[in-house]
> 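Structure provided below as C-alpha cells; questions to follow.
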Amino acid sequence: MEMIFKSEKSLKRIEKIRAFLLSDKWMAVLFCLAGVFTTLSAIYPEAQFEIKGTIVFVYIVGFCLALSDDIMAALAPFSLAALVAIKCYDSFNVFMSYKWYIVPVAVLLLFHIVAYRKKLTTQGTQFKPMLFVSIAILLGGFGFISFEEYTALTSVYHMLGLGFGMLLIYAYLFAHLDVKRNYSLIEHLTKVMVLTGCFASFMVISYYIININDVIDRGGLLFMQWRNNCSTILMITIPFAFLMASKKSYATVLGFIFYFALLLTGSRGGMVFGSVEIVMCIVMYMLYDKRRRLAYIIICACVLFGFLAFAPQVTEFLGYTIDRLFSAINGFLMGESTEVRAIHYARGINDFLTHPIFGTGLGYMGNRDVHASKEFALCWYHCAPIQVCASFGIVGILTFGYQFIKRNILIWRKATLFNMTIFLSYISLEMMSLVNPGVFCPIPYLFYVTLFMVIVEKCDGEYQEKIYIRKTRELPKLSKIKEMKEKA
C-alpha cells in the first residue's frame, strides 16, 4: 500500500482507516448492518436476504484485507458473515448463480497477499501436526473410494479445507499476526468473539420476537433449521464473555445471555454440552478472577433460584428439546433407535472395521441412504471421533490424536486466563463435534481453532502476562533516578 500512496498525507489517511477497521465503532456499524439482513430474512423468508447479506459481508472482508495489512481487521466482518450464512440452508445452487461476484473478492484477496507479502514460516508448533493430518486426509479411502468420489468438488474442497489449505492458512497467520502492534491481539480477539456471541443471541431473540404469535400458540420453542450452527458459535463465544468480565464486570451477564440464547435454539447438543460448558466457565473464572468471585456466586444463585421458582414453566417451554433428547437416549439404550445420528455411528464403526488402515475417505457417499446430505455437503457421520476412524482409519487416529495432544500441550504449557479461555472454547467445540460436523467444517469452525492456536503461541510468555496487568503510571528506570540525583 505504501508503494501506491507515497505521499505522507495519503499514508496518514490509510493509517486512520486501518485504525477504524479495528475500532469498536466499526464493529457497531457491522453489527447493525448484519442485523438489518437477518431481520429482513426473518420477516421476508422468500426474499433470500440472508444470501444477499452473506455476499455483502464477504465483500466487506475483501475490502478490509485490501486496505489493511493486518488480517485481524477482517475478523469481525468474517464472523458476522459466517453467522448470516448459517441461515442459507441448502443454498449452494443459489450461491452458484452469483459465482461471478466472487471475482472482485478474489482480486482483493490477491492484492492483500501480494501487497503485504511476508515470508511464510514452518516454525509454529502446530505446523507438523497439521502436516501429518493433511497427509492422512489425502490418503483417506486409499484403495477403496472411487476416483469420481475422490475428485468430486465437494470432496476436494473439504480435503483442502481440512488439510493442506488450512495448513497454508496457519503458516500465513503465523507469519502475519504481530504482537508488536499498538493494540492487544488478545483484547481484540475477545471483543470480536463477544461481538459474535452478541449477534448470534440477537439472531435468536429477534427471531422469537418477530414470531411471537407462534411462540404464544405453541407455548414453547420455535423450530430453527440453523439451530445447531448457531448453538455451536454461541458455545465458542461463551468463554470470551467471561474473559471480558475479568476487566468489565457487566460482561459477566453476557455469558448467561449467550447460554439463554443457546437454549432457545432448540439444539439438543447445545443444551447438554452448553450446560457443561457454562458450569466449567463459572468454576474456571471463580478460581482465576477472585475479585469478582462474589458476583459470580450471586448471579449463579439468582439464575438457580429463578429456575427452581419457575421449573415447571421452564421445562414445559423447553419440552420440545427435552422430549427429543430423551427419545433419542431411550431408543439408543433399547437398541431401537431411529435417530439418524445413531445409525450413522453404527455405519461409521462398521466402515472402520471394514477399512481399518485408510478408512473410506471424506468423499465417500455410501451412507446417503441413511440421510441424503444437501448439495456440496459431505455424508458426515456427525461425530468427530467416528468421522476420523471411518474416513481415515488407523492413520487418521494416529495423526488426529497427535494433533489433539499438541494443541492441548500448547494451551496448557502456560495456564493463563487467556489460555484457559481458549481451552474452554476449543473443548466446547470438540464436545459439540461429538453430535455435529463441527471441526470438520473448514469455515468457520476449523479456521477459528487455527486462529486461536496461532494467537496462543504468538502471545505466549512475558508479553501475554503484561496484557492483563492493569495500566499504571510508568515509573522511571533506576538508572534515570540516579542521574536525576547526581544532577541535583
> Quick one: are Met280 and Met431 in side-chain contact, heavy atoms under 4.5 Å?
yes
> Taking the side chain as everything from C-beta on, heavy atoms only, tell me whether Val395 gets closer than 4.5 Å to Leu398.
no
> Which word best sums up how the rings of Phe31 and Phe199 line up, parallel for under 30°, tilted for 30 to 60°, or perpendicular for over 60°?
perpendicular
> If we ignore hydrogens and angles and just use 3.5 Å, is the side chain of Thr421 paired with the main-chain N or O of Leu417 as donor and acceptor?
yes
> Applying salt bridge (charged side-chain N to carboxylate O under 4.0 Å, His left out), which residue pairs with at least one partner in residues 357-370 are found, sequence neighbours left out?
Arg347-Asp369
> Is a donor on one side and an acceptor on the other found under 3.5 Å between the side chain of Thr360 and the backbone of Ala390?
yes
> Is there a side-chain contact (heavy atoms from CB on, under 4.5 Å) between Thr265 and Trp226? Walk through the geometry before answering.
CA-CA 8 Å; Thr265 62; Trp226 39 280; 5.7 Å; no
> Which of parallel (below 30°), tilted (30 to 60°) and perpendicular (above 60°) describes Phe37 and Phe57?
perpendicular
> Once rounded to the nearest 0.5 Å, what's the spacing between atom CG of Leu254 and atom CG of Leu195?
11.0 Å
> Using a cut-off of 6.0 Å, state whether more than 12 heavy atoms not belonging to Phe147 lie near its atom CZ.
no
> Determine which pairs satisfy side chain to side chain donor-acceptor pair (under 3.5 Å) with at least one residue from residues 48-63, sequence neighbours left out, and list them in order.
Ser41-Glu50
> Could you tell me the separation between the OG atom of Ser267 and the CG atom of Leu325, rounded to the nearest 0.5 Å?
10.0 Å
> Restricting to pairs with a member in residues 272-283, which pass side chain to side chain donor-acceptor pair (under 3.5 Å), not counting sequence neighbours?
Tyr259-Ser275, Glu277-Ser428
> Can you check whether Phe174 and Phe127 have ring centres sitting under 6.0 Å from each other?
no
> Tell me whether the guanidinium CZ or amine NZ of Arg341 lies under 6.0 angstrom from the six-membered ring centre of Tyr345 and within 45° of its axis.
no
> Can you pull out every salt bridge (charged side-chain N to carboxylate O under 4.0 Å, His left out) where at least one residue sits in residues 118-132? Sequence neighbours excluded, please.
none
> With rounding to the nearest 0.5 Å, note down the distance linking CD1 in Ile257 to CD1 in Ile238.
11.5 Å
> For residues 380-401, pull every pair meeting side chain to side chain donor-acceptor pair (under 3.5 Å), keeping only residues two or more places apart or in separate chains.
Asp351-Tyr381, Asn367-Tyr381, Gln387-Ser391
> Mind checking the OH-CZ spacing from Tyr101 to Phe95? Nearest 0.5 Å is all I need.
12.5 Å
> Is it the case that the side chain of Arg324 and the backbone of Gly266 share a donor-acceptor pair, with hydrogens and angles ignored and the cut-off at 3.5 Å?
yes
> Looking only at atom types and distance, does a side-chain atom of Ser155 sit under 3.5 Å from a main-chain N or O of Tyr150, one as donor and one as acceptor?
yes
> Taking ring-ring contact (aromatic ring centres under 6.0 Å, His included) as the definition, give me every residue that meets it alongside Phe400, ordered by chain and number, with sequence neighbours left out.
Phe392, Phe440
> If you take the centroid of each ring, where Trp contributes its six-membered ring, are Phe240 and Phe452 closer together than 6.0 Å?
yes
> How long is the straight-line distance from CG of Asp69 back to CZ of Arg117, given to the nearest 0.5 Å?
13.0 Å
> Hey, is CD on Gln225 packed in by over 12 heavy atoms from elsewhere, all under 6.0 Å?
yes
> Could you give the distance from NE2 (His176) to OH (Tyr116), rounded to the nearest 0.5 Å?
10.5 Å
